[in-house]
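Have a look at the structure below, then the notes.
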Amino acid sequence: MEVPLRVDPEVKYGKEKLSIWANGKHIVIDAPIDPYFYSYGKFDNISAKITERKAKPLSDYDTEKLFYKHSVPTRKNVEMYRSDATFEDNIPFILRVRIDLPDFYTQYPHTKELKFLFFDIEQYTKPDAMFPTYDDRITSISWCTNDRKIDCGYIGKDNKSDKNLLKVFVDKFIDIDPDVVVVFNKDYDIPTLIRRCERNHIDTKLLSKSGIKPYVGGREKVSIDGRVIYDVAYSAMTDQTLSGNVENRGLKEVSNYYGFKSKRKPLTPQQMLDYIGTKTLVEYNMDDVRRLFLLFDVYWENIYFNANDLKIPLNLAVELNTTDLGLITVGDEFRERNVIADGTNEQRYPEIFKRVKKHKDDSNYQGALVGVFKKGKMQPKNYSLSTRYKPVWKADYGSMYPTIESSFDLSPDTTKIVQYLSYNNNFKIEDNKDKFIYYVPDDVLDKTVVIEVKKQDGFLSKLVQRCLNERADYKKRYKKTNDPKDKALSVNRKVKANGGIYGIQGSAHHAFGFAPIAVATCGIGRECAQLLIDILEELYPHSVIEVDTDGVYFSAEEINKKEILDKFNKKLENKFNKDLQLSIDIDPYAEGYFYKAKNYILRTLDGKIIYHGAAMKASSKNNLSRNLIKDLAVAKLDEKDTAPIIDKYLKLDFPLEDFAMNKRLGMNIGSYKNPEGSISSRMALQAKRHLNVKPEIGNIYHYVKTKFGYELLQLANKKDLDLSYYEGQIRTIVEMFDVASESKIDDWL
DNA sequence: GCTATCAGGCTACCT
DNA sequence: ACAGGTAGCCTGATAGCG
């Protein structure tokens, strides 16, 4: 590896230091730069080293201005002095070092082979409790290291103490002395391991490389000094290829998706209790470790690649988010071009980001074109037939936003908002000698935004272009090799272009956001989507079914792909008067049933039914609803009678568990505006009161509706169920498969 | 006093 | 603190009705 294993900032004697781990050795050095921020004015009243710097401000790229750089001893100081007059004041220090001195971290490479420890634990849960607590014993631990030979320790059925098991595992842990600890859900496994050790008076200091006790913070942030914790669940959570393909982002679902094969079925929670101390539980536990390293193999290459490619320590690469990716990629360009972001989008574009909003969550500017159409319903009685489309095609743009950004030269050095006109729903382009002027109607701003773009390469658009080219190469390679690692690299570049470069532009508070790009990209994107709709409607009248951002579903018995593409290219050039690299793919589906925007089912050519949207597959639904949707979907697509299915479900003769709905606690319990107004907070409070479960963000509560109101599954009796409520649920779902064709057509065509 | 409707709050999902 | 967009379900307030 060309970078260190981990780097953390720390303050010593009032100065910023960097704690660096590489090749098993630890050093603490003075940070190579002091934390700092910029401003246009001098702050004489604070204790800072002030230097002058001439640079191009983001707000007006063509005019160099004088900035004052205020260097202060610690990160805390930057935070203290942060105000509307300070710039680039919210960049994590570790990344500030990376941006300013791009080769700094590569001076401390971890060159030895990385030692891994994979592990997974199973824990006892009290009957009727929702989750195990730190008071519950660990029943089984499986682990392995680089050789992938799985070891397992477990306790007997009647053994109430996990002390010996923990001792054995901690000894193994110390013996393996891993650089990288690999788990699925680090916020569960690691705190549980540590807390259980504490309960058993086993010293956890030795788990860290330095002898510093592992840290389990208030917000369950975990850290083991000298080691990197790689949480595969984080990769699974952010994995775009999974969306629409798995029911949840759990270990089982995701590993199954990536081809995990096992003779054993996963155990139910009840079985996991019944099988304590048996081979069955041990095998299950070991299977989870096999799943773990299968997924590790899917994601690791990309992380390792990122660490070296972006020149960041491994501990940053394992939890790299879009914000940080944007800071690095865009920050590199800013450094090379001598650009300073003189304020955030919110400060520079108050017209967009500080508007008086009707609702708290209103968006800042208009986004994608989204909607459903209904075509040619001349026989309104023929609903079930007329809402079936066979075959169904999806025409979609590849990487639409990044391609727009690159093809239209959208970049801070080329693009600026010159005027806000009163709203006129007519996208217009003026071609002036050395620039294009785009009139972008924005129905959120209720203005037409006039955006000028110079006819020249922009530095950010060129960067996006590089990412797209690399992506195309990896994609081509993947098609040849079918190696998931090539696919991962291709996705890596897509993510970089999408979120890391385009995504941050519309952010109100990101240090390097640049709103004109975001407004222009979305505006042009809407035009592109509409263009595609128009072409399809022209060639195949009344064929368009649904549009979402960059994809259009349409139906036609036979299509002529070449004709579509030719027309597309011609119209595209005509409209934008420019050589563009926008391209479309057209993929077939056997059939589909469309309910509402973003909500539909598709049958692929090989017969698999794919469910889209919250109405079709929300995790909050109960088994009853989920099964009914599946049964009705199959019946609908097969043109079978649905009456027997409906009758069966209306009897409501199912076990209590099948009635349980799920809701996730999304915020801290104190943040709820009205604690009674949300099922999540109500269930969290019930669980706290009756089951002694601490309310934590991310907890999922299973609840049912009884005649007394909403109750946790664990506290409810089947005889108390509010059956009319569930009958209502069933009727709603039945209508979903019948009423779709009655929905009104949007009047766009 | 009852019911229908709406707005606000929140979660889940799509691109 | 990457973005916007659609949809569903809950509660409480309010309008409309008799």
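Order of the sequence lines fixes the chain letters, A, B, ..., with proteins taken first and strands second; residue numbering starts at 1 for each chain.
Formation of a donor-acceptor pair under 3.5 Å by the A:Arg75 side chain with backbone atoms of A:Pro92 is not found in this model.
Annotation: cation-pi geometry not satisfied between A:Lys447 and A:Tyr423 (NZ/CZ under 6.0 angstrom from ring centroid, within 45° of ring axis).
Nearest nucleotide to the A:Tyr672 side chain, out of B:dC13, C:dT6, B:dT11: B:dT11. Ranking C:dC10, B:dT15, B:dT11 by closeness to the A:Asp550 side chain, first place goes to B:dT15. Relative to the side chain of A:Arg664, the nucleotides B:dG9, B:dA12, C:dA3 differ in distance, and B:dA12 lies closest. Among the nucleotides B:dC14, B:dC10, C:dG5, the one closest to any side-chain atom of A:Lys673 is B:dC10. Distance from the side chain of A:Lys617 is smallest to B:dC13 among C:dC10, C:dG4, B:dC13. Counting only heavy atoms from C-beta on, A:Ala618 has its side chain closest to B:dA12 among B:dA12, B:dC10, C:dA7. Of all nucleotides listed (C:dC10, C:dG4, B:dC13), C:dG4 comes nearest to the side chain of A:Lys598. For A:Met667, taking side-chain heavy atoms from C-beta onward, the closest of the listed nucleotides C:dG8, B:dC13, B:dC10 is B:dC10. Listed nucleotides B:dC10, B:dT15, B:dC13 differ in distance to A:Tyr600; the shortest reach to its side chain belongs to B:dT15. Of the candidate nucleotides C:dG8, B:dA12, C:dC10, C:dC10 has the atom lying nearest to any side-chain atom of A:Arg682.
For the segment residues 505-512 of chain A, the set of residues with a heavy atom within less than 4.0 Å of an atom of DNA chain C comprises A:Gly506, A:Ser507, A:His509, in numerical order.
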Please determine whether ring-ring contact (aromatic ring centres under 6.0 Å, His included) holds for the pair A:Tyr397 and A:Phe568, giving the CA-CA distance in whole Å, both sets of side-chain angles, and the decisive distance to 0.1 Å. CA-CA 11 Å; A:Tyr397 287 88; A:Phe568 171 75; 5.6 Å; yes
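A:Gly613 comes within 4.0 angstrom of the backbone, heavy atoms only, and of no base.
Stems are defined here as 3 or more consecutive Watson-Crick or G-U wobble pairs with pairing distances under 3.5 Å; those involving DNA chain C are B:1-15 with C:3-17.
A:Glu735 and A:Arg731 are not joined by a salt bridge, as no carboxylate oxygen comes within less than 4.0 angstrom of a charged side-chain nitrogen. Salt-bridge formation is not detected for the pair A:Lys462/A:Asp413: no Lys NZ or Arg NE/NH1/NH2 atom is positioned less than 4.0 Å from an Asp or Glu carboxylate oxygen. A salt bridge links A:Arg96 and A:Glu88; the closest N-O separation between the charged side-chain nitrogens and carboxylate oxygens is under 4.0 Å.
Screening A:Phe737, A:Tyr553, A:Tyr611 for a ring-ring contact (aromatic ring centres under 6.0 Å, His included) involving A:Tyr593 leaves a single residue, A:Phe737.
Annotation: A:Phe594 is in aromatic contact with A:Tyr600 [ring centroid separation under 6.0 Å].
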